[in-house]
Amino acid sequence: MEFSRMLSYYMGLGVLFFSGFFLFFFDAENPSATYSIISAQFYFVSGVLIFLYRKEAVKYIVHSPYPLLICLLSIASILWSFEPSQAIMRSIALTGTFCFALCLILVFDWDELLKVLILPLIFAAIASIFVSILVPSIGVDDGSNVAEHAGLWHGTFGFKNRLGRVMGLFAVILVAQNVLLRNYRNSMLAIVLFVLLMTGSSTPILAVSFIVLLKLYFAISHRITTHIKIIIAILSIYCLALVPIAIEFVIIDLMGKDLSGSGRVDMWVDILLSIDSPILGYGFGGGFWGEFGYANGLIDPRYILLGHAHNGFVDTLIELGIFGVFFYFMLLLKCLIDSLRNYRTQGEYFLLPLFLSVFFIIYSVTGSAYIKQNNILFILACLAAFLPYKKVK
């Protein structure tokens, strides 16, 4: 029992570390030796535990092979990468991140797993509030890089979009599951939504809003008769005619954006028309991004260079080609189908992988790819892929 508790604390610390908590202390593009050592020891422990649970691990991988296929493709991309040294380091780190996620699935039951995710993230949310209020020079954007970001919170995460996506994912976990007492869960959700709104990160806010509506629908759907569902479907079809008007109001008036997504659409077009290796990509983590990368001349004049295309599918096409995009899409699609089926037959535990897959689908449109080494995005994407096959007590 004592070992189990210590292991949950240890893995919870890993969740906090991979969430990007105080990541700005390290060089994210070229991690310091300290960062690499911390990451490596989590990988090593995860590998040992996977070996101990190897039979169960094989079952999960057979049921949902796409996380491993993504890792194997990233390793294979070393052969054609523009920057083989970076591709080697980052593909090894991606595989280590996959091992950490698989380890979480193997060693914890549902309730334990949720607590290992929830407790570190609520600590990160509260710490971000304190840092943003008490030390605004660290926790609040001063607008020096992008004037429009002035006053937005990035808390302990160094950048408002990084904090926004972590809080968005945390909100999804809280909305999906009732593992905590209702009052505690509602209090946590209020804190997380407050931090999320203070980041001004529009894509996670939109994704969480949609998932809250989806949860409300699931909560009342059993009370809705078939006739009413048909009426709702017909009304929804008619409402589609208002989408062009509504989307302009939401994007321009409410979100303060423009219809090009602050230059995102133009950037995607430029990048897609300029890719000369769409089948295999340029190699995982190497060659395309960076000060002297291929994309720099395309997007630097219009938008701050953040190391991704603000579209998960474009990002994946750049690095891993068409095969990578296929694996990326199939992971989400299979998770969506399997978790929805299991929710209908086995109950609300399977709302978590369902909602995570919905979040990643929305986030992939104007956010970034979930295929990131040392990152909670890939950890939760792997968890979403494996959770439909985890037994409920």
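Note: hydrogens, waters and symmetry copies are ignored here, and every other heavy atom, side chains too, is used. Computed from a predicted structure; not experimentally measured.
Taking every heavy atom of both residues into account, K160 and G200 meet most closely at NZ-O, 3.6 Å. Listed here is the closest heavy atom pair of A124 and T156: O-OG1, 4.3 Å. Of all the heavy atoms in S19 and L121, the pair that sits closest is CB-CD2, 4.1 Å. Here the closest heavy-atom approach between residue L356 and residue L380 is recorded as CD1-O, 3.9 Å. Heavy-atom minimum distance, I50 versus A57: CG2-CB, 4.0 Å. Closest approach of L352 to Q177, counting heavy atoms only: CB-OE1, 3.2 Å.
Note on L134 and F194: same hydrophobic cluster, where clusters join Ile, Leu, Val, Met, Phe, Trp and Tyr whose side-chain heavy atoms are under 4.5 Å apart, directly or indirectly. A continuous path of Ile, Leu, Val, Met, Phe, Trp and Tyr side chains, each step under 4.5 Å between heavy atoms, connects L72 with L79, placing both in one hydrophobic cluster. I78 and I371 are not part of a single hydrophobic cluster, where members link through side-chain heavy atoms under 4.5 Å apart. Residues L340 and Y217 share a single hydrophobic cluster, defined by chaining ILVMFWY side chains whose heavy atoms lie under 4.5 Å apart. Note: the hydrophobic cluster containing F123 also contains F157 (ILVMFWY, side chain heavy atoms under 4.5 Å, direct or indirect links).
Once rounded to the nearest 0.5 Å, the distance linking CZ of F359 with OG of S364 reads 9.5 Å. In this structure, M11 CE and L7 CG are separated by 6.5 Å, a value rounded to the nearest 0.5 Å. Here the CZ-CG distance, from F329 to L333, works out to 4.5 Å after rounding to the nearest 0.5 Å. Note that the CG atom of L102 and the OG1 atom of T95 stand 12.0 Å from one another [nearest 0.5 Å]. A distance of 9.0 Å separates CG of L113 from CD1 of I118, quoted to the nearest 0.5 Å. The line from OG1 of T34 to CD1 of I38 is 6.5 Å long, rounded to the nearest 0.5 Å.
The closest side-chain heavy-atom distance from F327 to T316 is not below 4.5 Å. Two residues are said to be in side-chain contact when any heavy atoms from C-beta on lie closer than 4.5 Å; L320 and V325 fail this criterion. Looking at I70 and L331, their side chains come closer than 4.5 Å, going by heavy atoms from C-beta outward. In this structure, C71 and F378 have side chains that are in contact, with non-hydrogen atoms separated by less than 4.5 Å. Considering only heavy atoms from C-beta on, I322 comes within 4.5 Å of L317 through its side chain. Side-chain contact check for L377 versus S368: some heavy-atom pair is nearer than 4.5 Å. Using a 4.5 Å heavy-atom threshold, the side chains of F323 and I279 count as touching. Contact of the L383 side chain with the L104 side chain is registered, since non-hydrogen atoms from C-beta on lie closer than 4.5 Å.
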Requested in this report: I would like to know whether L332 and Y66 meet side-chain contact (heavy atoms from CB on, under 4.5 Å); could you show each step before the answer?
Outcome: CA-CA 9 Å; L332 297 178; Y66 295 107; over 6 Å; no

Requested in this report: Would you check, one step at a time, whether the test side-chain contact (heavy atoms from CB on, under 4.5 Å) holds for V166 with I376?
Outcome: CA-CA 8 Å; V166 172; I376 197 170; 4.3 Å; yes

Report task. Would you please test L354 and F218 for side-chain contact (heavy atoms from CB on, under 4.5 Å) and show each step? Result -> CA-CA 12 Å; L354 175 63; F218 284 145; 3.6 Å; yes

Query raised in the report: Can you check side-chain contact (heavy atoms from CB on, under 4.5 Å) on L69 and L73, steps first, answer last?
Result: CA-CA 6 Å; L69 288 174; L73 183 61; over 6 Å; no

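With hydrogens and angles disregarded, a donor-acceptor distance shorter than 3.5 Å links the side chain of H154 to the backbone of I138. A donor-acceptor pair under 3.5 Å is absent between the side-chain atoms of D141 and the main chain of A150, judged by distance alone. A donor-acceptor pair under 3.5 Å is formed between the side chain of D109 and the backbone N or O of E112. When atom types are taken as modelled, the side chain of W153 and the backbone of V195 share no donor-acceptor pair closer than 3.5 angstrom. S91 places a side-chain N or O within donor-acceptor distance of the main-chain N or O of I88, the cut-off being under 3.5 Å. In this structure, the side chain of S81 does not engage the main chain of G283 through any donor-acceptor pair within 3.5 Å. Formation of a donor-acceptor pair under 3.5 Å by the S64 side chain with backbone atoms of I61 is not found in this model.
Annotation: side-chain hydrogen bond (donor to acceptor under 3.5 Å, both in side chains) contacts involving residues 333-343, sequence neighbours excluded, comprise K334-D338, K334-Y389, D338-R341, D338-Y389.
Classification of the Y35-F17 ring pair by plane angle, with boundaries at 30° and 60°, yields tilted. Ring geometry for F313 against Y328 counts as perpendicular: the plane angle is over 60°, on a 0 to 90° scale with 30° as the lower cut.
Of the candidates Y60, F350, W110, L387 forms a side chain to side chain contact (heavy atoms under 4.5 Å, CB included) with just one, namely W110. Evaluated for a side chain to side chain contact (heavy atoms under 4.5 Å, CB included) with L117, the options I173, I122, L174 yield exactly one hit, I173.
Geometrically, R54 engages F51 in a cation-pi contact, judged by NZ or CZ lying under 6.0 Å from the ring centre and within 45° of the ring axis.
S77 and Y282 are not linked by any side-chain donor-acceptor pair at a separation below 3.5 angstrom, with hydrogens and angles left out of the test. Side-chain contact annotation: Y349 with D111, donor-acceptor N/O pair under 3.5 Å present.
Around the OH atom of Y10, the shell of radius 6.0 Å holds more than 12 heavy atoms that belong to other residues, nucleotides or ligands.
F18 is linked by a ring-ring contact (aromatic ring centres under 6.0 Å, His included) to F42, F100, counting only residues two or more places apart in sequence or in another chain.
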